[in-house]
Number of protein chains: 2
Amino acid sequence: MRKGKRVIKKIEEKIKRQVTFAKRKKSLIKKAYELSVLCDVHLGLIIFSHSNRLYDFCSNSTSMENLIMRYQKEKEGQTTAEHSFHSDQCSDCVKTKESMMREIENLKLNLQLYDGHGLNLLTYDELLSFELHLESSLQHARARKQQQQQTDQKLKGKEKGQGSSWEQLMWQAERQMMTCQRQKDPAPANEGGVPFLRWGTTHRRSSPP
Amino acid sequence: MRKGKRVIKKIEEKIKRQVTFAKRKKSLIKKAYELSVLCDVHLGLIIFSHSNRLYDFCSNSTSMENLIMRYQKEKEGQTTAEHSFHSDQCSDCVKTKESMMREIENLKLNLQLYDGHGLNLLTYDELLSFELHLESSLQHARARKQQQQQTDQKLKGKEKGQGSSWEQLMWQAERQMMTCQRQKDPAPANEGGVPFLRWGTTHRRSSPP
DNA sequence: AGAGCTATATATAATGC
DNA sequence: TGCATTATATATAGCTC
């Protein structure tokens, strides 16, 4: 039975504090879950108990790593470089990190070209190459689209046939190969966090139709 | 006035969803704050709205970066700890490196799409979006090519005119804008390592012709 | 968007087991 | 520890402004 208003101040009695922590943590995670589902938003919650135990929650269709990356991307844009504070501890790590940052920068610049940004930094010849490259990309994409369209139609036609059609098997095998090829890293970091597709929707086909 | 139990399912009406998001987000952050104070624990909350806006909360006496580092350290401990040989001296650096590696992976996957690799992981709708995106890219590139062609011709014609032509000035201004826009980060990450243009030559125009 | 209002639904502090 | 109970305090959906 609650009496009086709750004063938000550290609970000094250890037992009470632990009990309250367990209860409130549970409902906080529940609330986070509800918000993520009701409003279809991505969110992550990280809690370290007083005994340093980790509790976390992350909305479906994303991963904490993904959220962290997006968070850092946001913050990066807001503040200027503030990585200086954890640099003096291990300079070799920092160096490697710097080279990785450069690589990320370069990759991003390359991706930006496809959005039409930075084209003015290219020579005429490079623009020509780029144009040819784009035409080739377009061909690939269209070919794949057509292929998939046909596959989908065939599948639809055979929907009530045998349990697993040739196309389905091929599709699965193909996907498995790609997945295997793309995920040398055993870490399940990509389980829900597919690469962010900047030019459109963010979800990839997760199973054959 | 609430009637009946809340069913936790995505709210389809956009307006309702937004209102609920605003209200629940507010109280979720409040609850997070209360838990952190009452129980004196460290916690972080990251929320991305449907419009991709970031809202976050982090308990006092720590920072989100710190929490993220601790989180990643925990998670790493849960999976096979095979990076221990990397450098146990600065494991927090390793964590950050891991997230960077993942980002690099993602960026590379996105770039590979333009080479026609991984298209089979896209849904039909995504392929459509991608196709449209490529067409737009192509338009941009062609427009820029034409623009540069004209500029080059004019410059050639006026080569012996006044020291700085209008086009040159405009080009310089444009380039300066782009450079400025692209390098919020004051770090000279691009000093020597120009982005590697995978689809052709590797050098970019470094000065107006 | 955001601020109040109101009737319910939930959360939760204290207690006992 | 954890679980159930219970009396209150909060949260919140729908509404108006």
Side-chain angles (χ1 to χ4, degrees), chain A residues 1-62 64 67 70-71 73-75 77-78 202, chain B residues 1-62 64 67 70 74 77-78:
Chain A
M1 314 82 170
R2 305 184 55 176
K3 317 154 189 170
K5 286 186 72 167
R6 219 327 156 202
V7 184
I8 302 304
K9 190 174 175 303
K10 176 177 174 181
I11 300 171
E12 296 299 341
E13 305 91 320
K14 192 178 174 186
I15 303 297
K16 272 195 193 177
R17 198 191 326 128
Q18 286 176 336
V19 172
T20 298
F21 174 69
K23 288 184 175 180
R24 280 184 176 255
K25 169 174 63 59
K26 185 181 159 191
S27 43
L28 184 64
I29 289 177
K30 185 182 168 194
K31 289 274 180 202
Y33 159 75
E34 291 182 355
L35 178 60
S36 75
V37 172
L38 285 172
C39 303
D40 191 31
V41 296
H42 291 175
L43 63 84
L45 177 60
I46 296 174
I47 308 174
F48 283 100
S49 77
H50 217 257
S51 57
N52 233 32
R53 215 195 115 131
L54 167 66
Y55 303 87
D56 67 323
F57 169 78
C58 167
S59 51
N60 273 332
S61 71
T62 186
M64 192 63 87
L67 286 168
R70 285 168 70 185
Y71 173 84
K73 208 172 290 181
E74 280 286 322
K75 288 297 176 183
Q78 289 175 12
T202 60
Chain B
M1 313 84 168
R2 302 184 56 177
K3 317 155 192 168
K5 286 187 72 169
R6 219 326 159 202
V7 183
I8 303 304
K9 186 173 177 305
K10 177 177 174 182
I11 300 172
E12 296 297 343
E13 305 91 320
K14 192 179 174 186
I15 302 296
K16 272 195 192 176
R17 194 183 338 122
Q18 286 174 336
V19 172
T20 297
F21 174 69
K23 289 183 174 180
R24 279 183 176 256
K25 168 174 63 61
K26 187 180 159 190
S27 42
L28 184 64
I29 289 177
K30 186 184 168 192
K31 288 275 179 200
Y33 158 75
E34 292 183 355
L35 178 60
S36 75
V37 172
L38 286 172
C39 304
D40 191 32
V41 296
H42 291 176
L43 64 84
L45 177 60
I46 295 173
I47 307 173
F48 282 100
S49 77
H50 217 257
S51 57
N52 235 33
R53 215 195 114 126
L54 167 66
Y55 302 87
D56 66 326
F57 168 77
C58 167
S59 52
N60 272 333
S61 71
T62 187
M64 192 63 87
L67 286 168
R70 286 169 69 187
E74 279 288 323
Q78 288 177 16

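Chain identifiers are assigned alphabetically (A, B, ...) following the order of the sequence lines, protein sequences preceding nucleic acid strands; residue numbering begins at 1 within each chain.
Between B:Glu34 and A:Arg6, the closest side-chain pair of non-hydrogen atoms is not below 4.5 Å.
The separation between B:Ile8 atom CD1 and C:dA9 atom C1' is 11 Å, rounded to whole Å.
Along DNA chain C, the nucleotide closest to B:Arg6 and the one closest to B:Leu38 are compared, and the more 5′ of them pairs with B:Arg6. Checking B:Lys23 against B:Glu34, the closest nucleotide of DNA chain D that is more toward the 5' end is the one next to B:Glu34.
Counting heavy atoms of neighbouring residues, nucleotides and ligands inside a 6.0 Å radius, atom CG of A:Asn52 exceeds 12 of them. Within a 6.0 Å sphere centred on NZ of B:Lys5, heavy atoms belonging to other residues, nucleotides or ligands number 12 at most. More than 12 heavy-atom neighbours from other residues, nucleotides or ligands sit within 6.0 angstrom of NZ on A:Lys10.
DNA chain D is contacted by B:Lys16, B:Thr20 of residues 11-22 of chain B, taking any non-hydrogen atom closer than 4.0 Å.
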Between A:Leu35 and B:Ile47, does the side chain to side chain contact (heavy atoms under 4.5 Å, CB included) criterion hold? Intermediate values first, please. CA-CA 10 Å; A:Leu35 178 60; B:Ile47 307 173; 4.2 Å; yes

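Distances from the side chain of B:Lys31 to the nucleotides C:dT10, D:dA13, C:dA11 place C:dA11 closest.
Close to D:dT10, at under 4.0 Å from its OP1 or OP2, lies no side-chain N or O of B:Lys30. Contact between the side-chain N/O atoms of B:Arg24 and the OP1/OP2 oxygens of D:dA13 is found at a separation under 4.0 Å.
A:Phe48 and B:Val41 get closest at one heavy-atom pair: O-CB, 3.2 Å.
Residue contacts for A:Lys26: at a heavy-atom cut-off of 4.0 Å it reaches no nucleic acid atom on any strand shown.
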